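Notes follow once the structure below has been shown.
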Amino acid sequence: MRLCLKKTCPDHVVHLGDHYDDAQALAEENPHIRFHAVPGNCDRFRCDPTLPQTLCYCIGGVKLYMTHGHLHGVKSGIGALLQDARRQNAVAALYGHTHRAYCEKQSDGLWVLNPGTCGTYGGSAGIIEIADEKISACYLVQQADLDKM
């Protein structure tokens, strides 16, 4: 995570749960970056149980639906996640839980992004670029890509 922040210099970071305390530590280390974090299923005994399980608001003029995904059953499919994101009129649905990187634009224009995990499967992160209050790019980067930057 630190390498990704160093190499990409983001304005915002979205942390999608499990090890919520990592997001807090990174936020303290990087006070110039705005952090948005939701807890994951592994965080239920590690942090405040009243923390919201989902966030949905505009970042850079783009409405993002952010959740860990365990409450949407994303390991069995993303239908419930997409339904909730669309109900909120989000432009992108961001989730974790599966630890499998995934990035795709749906036929109706909804972006779906799972950044994967920084710890296993080679390490990955999701990047969303916003220009003129629209997503101009949405993609995945692997740790090997960051090492070359």
Side-chain angles (χ1 to χ4, degrees), residues 1-75 78 80-82 84-85 88-106 110-149:
M1 289 187 289
R2 286 179 178 89
L3 176 64
C4 188
L5 292 179
K6 179 180 177 183
K7 298 289 185 161
T8 63
C9 303
D11 295 321
H12 296 261
V13 170
V14 176
H15 187 282
L16 297 168
D18 283 348
H19 302 285
Y20 186 88
D21 51 339
D22 287 349
Q24 292 176 308
L26 284 173
E28 289 175 13
E29 293 170 17
N30 298 278
H32 59 287
I33 300 173
R34 175 88 194 272
F35 277 75
H36 315 271
V38 292
N41 58 301
C42 294
D43 293 316
R44 68 178 155 227
F45 300 115
R46 302 166 91 168
C47 58
D48 183 348
T50 64
L51 287 169
Q53 299 291 307
T54 61
L55 299 173
C56 188
Y57 50 80
C58 289
I59 296 175
V62 174
K63 194 169 193 181
L64 304 178
Y65 184 85
M66 302 164 271
T67 189
H68 181 63
H70 62 293
L71 298 177
H72 291 85
V74 297
K75 286 187 177 180
I78 60 171
L81 170 75
L82 299 182
D84 283 354
Q88 295 290 326
N89 296 312
V91 175
L94 313 179
Y95 72 102
H97 192 54
T98 66
H99 302 271
R100 301 280 183 193
Y102 177 80
C103 181
E104 181 176 279
K105 189 174 188 179
Q106 302 288 297
L110 178 68
W111 279 100
V112 183
L113 176 65
N114 182 328
T117 179
C118 64
T120 55
Y121 309 113
S124 60
I127 307 290
I128 297 175
E129 295 177 8
I130 298 172
D132 299 323
E133 299 185 352
K134 293 182 179 143
I135 293 178
S136 57
C138 185
Y139 55 95
L140 298 164
V141 293
Q142 300 297 316
Q143 181 169 339
D145 300 325
L146 293 171
D147 289 336
K148 295 175 189 173
M149 293 174 85

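As the structure is a computational prediction, the values presented were derived from the model and not from experiment.
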Side chain [X], main chain [Y], donor-acceptor under 3.5 Å:
| X | Y | value |
| --- | --- | --- |
| K63 | C58 | no |
| D145 | Q142 | yes |
| K134 | V62 | no |
| T54 | M66 | no |
| S124 | A101 | no |
| H15 | G17 | yes |

Audit row: I128, W111, side chain to side chain contact (heavy atoms under 4.5 Å, CB included) steps and yes/no: CA-CA 10 Å; I128 297 175; W111 279 100; over 6 Å; no

May I ask you to check whether N114 and T98 show a side-chain donor-acceptor distance below 3.5 Å? yes

Straight-line distance of [X] [atom1] to [Y] [atom2], nearest 0.5 Å:
| X | Y | atom1 | atom2 | result |
| --- | --- | --- | --- | --- |
| R44 | Q53 | CZ | CD | 10.5 Å |
| K105 | C138 | NZ | SG | 9.5 Å |
| H68 | Y20 | NE2 | OH | 13.5 Å |
| D43 | L51 | CG | CG | 9.0 Å |
| R100 | K75 | CZ | NZ | 9.5 Å |
| Y102 | Y95 | OH | OH | 6.5 Å |

Partner of V38 under side chain to side chain contact (heavy atoms under 4.5 Å, CB included), picked from V14, L55, L94, is L55

Of all heavy-atom pairs between [X] and [Y], which one has the smallest distance, and what is that distance?
| X | Y | answer |
| --- | --- | --- |
| L140 | P115 | CD2-CA, 4.1 Å |
| L110 | A93 | CD1-N, 4.1 Å |
| A92 | I135 | CB-CD1, 4.0 Å |
| C118 | M1 | SG-CG, 3.8 Å |
| L113 | C103 | CD1-CB, 3.8 Å |
| I33 | P10 | CG1-O, 3.6 Å |

Test D147 against L3 for side chain to side chain contact (heavy atoms under 4.5 Å, CB included), laying out the working first. CA-CA 8 Å; D147 289 336; L3 176 64; 3.2 Å; yes

Using side-chain heavy atoms (C-beta onward) and a distance below 4.5 Å, is Y139 in contact with E129?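 When only atoms from C-beta onward are counted, E129 and Y139 do touch, with a gap below 4.5 Å.
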
State, yes or no, whether a side-chain contact exists between L26 and V13 at a heavy-atom distance under 4.5 Å.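 A side-chain contact under 4.5 Å is absent here.
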
Any idea how H97 and H70 line up, ring-wise: parallel (<30°), tilted (30 to 60°), or perpendicular (>60°)?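 Ring orientation of H97 relative to H70: tilted.
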
Set out, in order, the CA-CA distance, both residues' side-chain angles and the distance that settles side chain to side chain contact (heavy atoms under 4.5 Å, CB included) for T67 and L16, then state yes or no. CA-CA 6 Å; T67 189; L16 297 168; over 6 Å; no

Intermediate values then yes/no, side chain to side chain contact (heavy atoms under 4.5 Å, CB included), D84 and H72: CA-CA 9 Å; D84 283 354; H72 291 85; 2.8 Å; yes

Within the supplied structure, the quantity of interest is the number of heavy atoms (other residues, nucleotides, ligands) at a distance under 6.0 Å from D48 CG; does it exceed 12?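 It does: D48 CG has more than 12 such atoms within range.
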
Looking at R2, I'd like to know if its CZ atom is crowded, meaning that more than 12 non-hydrogen atoms belonging to other residues, nucleotides or ligands lie closer than 6.0 Å. no

Measure centre to centre between the rings of H36 and H12, then say whether the value is under 6.0 Å.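 That pair passes the under 6.0 Å test.
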
